[in-house]
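Structure record follows, encoded as structure tokens.
Proteins come first, then strands; the chains are lettered A, B, ... in the order of their sequence lines, and each starts at number 1. Any value given below was found using the heavy atoms of this structure, including those in side chains, with hydrogens, waters and symmetry copies removed. On a predicted model such as this, the values are computed, not experimentally measured, just so you know.
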Number of protein chains: 2
Amino acid sequence: MSSKRQLQKESTRKKIIETAYLVYSEQGFNATTATIAKEAGLSHGAIFVHFPSLDELMTCLIEEFGATLTLELHSLVETNKSMEELLRIYLEVLIKHEKFYSRLITERSRLPEEVRMTLANLQSLIAHHFNNVIEREIDKQTVKKIPVHMIFNTWMGLTHYYLLNKDLFSPDTPVLERYREDIISTFLELIKR
Amino acid sequence: MSSKRQLQKESTRKKIIETAYLVYSEQGFNATTATIAKEAGLSHGAIFVHFPSLDELMTCLIEEFGATLTLELHSLVETNKSMEELLRIYLEVLIKHEKFYSRLITERSRLPEEVRMTLANLQSLIAHHFNNVIEREIDKQTVKKIPVHMIFNTWMGLTHYYLLNKDLFSPDTPVLERYREDIISTFLELIKR
DNA sequence: CAATATAATGAGTGAGTACTCAGTGAGCAG
DNA sequence: CTGCTCACTGAGTACTCACTCATTATATTG
């Protein structure tokens, strides 16, 4: 039985997480709990009614984000996707969350241990999907015979490099959107036999 | 005329910068001024006799580091180096400074604006040297015809990816040393025609 | 309509940290 | 030797923040 109170509580909690996502996207992870509360139209103390600590709030936020990403990346699993399709879907999803995702990787060192764990798990999930496709392409002899994990690392390195150096590459507009074609075509050209 | 006082002052200043390098290498850039002072065997206030602010200290530190790296990377300029030699020298130099360098890139978001500028300049210097060699190799048709800056970005992306994820790849031993051969051979294999 | 439970408030607290400044003593000039 | 200079000291200051808690307003229960 969901009373009015329960609903209210639930919705406030959601509001806090959503606001945190937005505030962190804009200001980075040194944004204060006070800012989040204010943006959410709540008192400062309200945060701690719903989350015992800031770390806890961050962990919940990243877990939800991870779940969302996993869902959106779900089409990567379909086995008859080409390499190019795979890369396109992957970038498409990242572009949708670019601001937040790029904060996550540029400021990873500030995040609590547990959050970094969650991120690492997400990454290995993606690796798994990628590796399937890469292996198939190697079998088909369309891709160079290089250890799959190295191909994966090269891809991640390239995309993260653009995200991490956004201020050099494209300070005002989203980097991944701007360089999507460069990134994809370079990578495809590199790995092809 | 260098009086005893002047010499003392100079040596203390040097001591502070050297200690900062070591402390930051070990603890990261959230190490406090108090820690640096203590490690250097000085009072807390001494730091601010030599540097008006922590930002200033960091800027001096990174400028010196940049100068050192540039010097050590100088052999990259020699024009008759092969691609592989180039990569080896580059990694050799980074390995020498791995702890500090990896702090620089993982915690870049914490560094003062000016420091990030200095880093960006260093990077474009390296890019310049690389691009010369890459262009020559493309002319010799030993390397795929891909825009030189994209080849450079792929290389930087790959090495930085290992440094940034050191805790996943190699929590206890230096990453670059451990994966040097993997990184070099993968990259060479990828770019070769 | 009480009586109780609880979501939310916001001024307050304590911990951490860059930076200050009056004081000290070793060097140095006259 | 005397008085001044200045590198250095370290307790103190100012400020930021995550987190607390007595209080308030509102919902729920009987």
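For B:Gln8, counting side-chain heavy atoms from C-beta on, the closest listed nucleotide (C:dA7, C:dC19, D:dA7) is D:dA7. When distances are taken from the side chain of B:His44 to each of C:dA7, D:dC19, C:dC19, the shortest belongs to C:dC19. The side chain of A:Phe48 has D:dC19 as its nearest neighbour among D:dT9, D:dC19, C:dG10. Closest contact between the side chain of A:Lys4 and the listed nucleotides C:dA18, D:dA18, D:dA27 involves D:dA27. With C:dA8, C:dA18, C:dA26 as the candidates, the nucleotide lying closest to the side chain of B:Thr33 is C:dA18. Closest to the B:Ala46 side chain, of the nucleotides D:dT9, D:dA18, C:dA26, is D:dT9.
Taking atom CD of A:Glu56 as the reference point, atom P of D:dC19 lies 10 Å away to the nearest angstrom. The CZ-P distance, from B:Arg5 to D:dC4, rounds to 14 Å in whole Å. Going from atom CZ of A:Arg13 over to atom P of C:dT6 covers 18 Å, rounded to whole Å. When rounded to the nearest whole Å, the span between NZ of B:Lys15 and P of D:dA7 equals 19 Å. Rounded to an integer number of Å, the gap from B:Leu7 CG to C:dG27 C1' is 13 Å. One interatomic measurement links the two molecules: CG of A:Leu54 to C1' of D:dC19, which rounds to 10 Å at whole-angstrom precision. Rounding to whole angstrom units, NZ of residue A:Lys9 and C1' of C:dA8 are separated by 11 Å. Going from atom CG of A:Leu57 over to atom C1' of D:dC19 covers 13 Å, rounded to whole Å.
At a cut-off of 3.5 Å, with distance as the only test, no side-chain donor of B:Ser109 or A:Glu107 sits close to an acceptor on the other residue. For B:Glu137 and B:Thr142, the side-chain atoms include at least one donor-acceptor pair closer than 3.5 Å. Counted by atom type alone, A:Asn153 and B:Tyr162 present one or more donor-acceptor pairs between their side chains at under 3.5 Å.
Comparing A:Asn30 and A:Val49 by the nucleotide of DNA chain D whose heavy atom lies nearest to each, the residue mapping closer to the 5' end is A:Asn30.
The side chain of B:Thr32 contributes no N or O atom lying less than 4.0 Å from OP1 or OP2 of C:dT17. Applying the 4.0 Å criterion to OP1 and OP2 of D:dG10, one finds that B:Ser43 has every side-chain N and O outside that range.
Ionic pairing of A:Glu72 and A:Lys96 is present here: one or more N-O contacts between side-chain nitrogen and carboxylate oxygen are shorter than 4.0 angstrom.
Here the closest non-hydrogen pair linking B:Arg108 and A:Leu164 is NH2-O, 2.7 Å.
When heavy atoms are screened at a 4.0 angstrom cut-off, A:Leu42 is found touching the sugar-phosphate backbone but no base atom.
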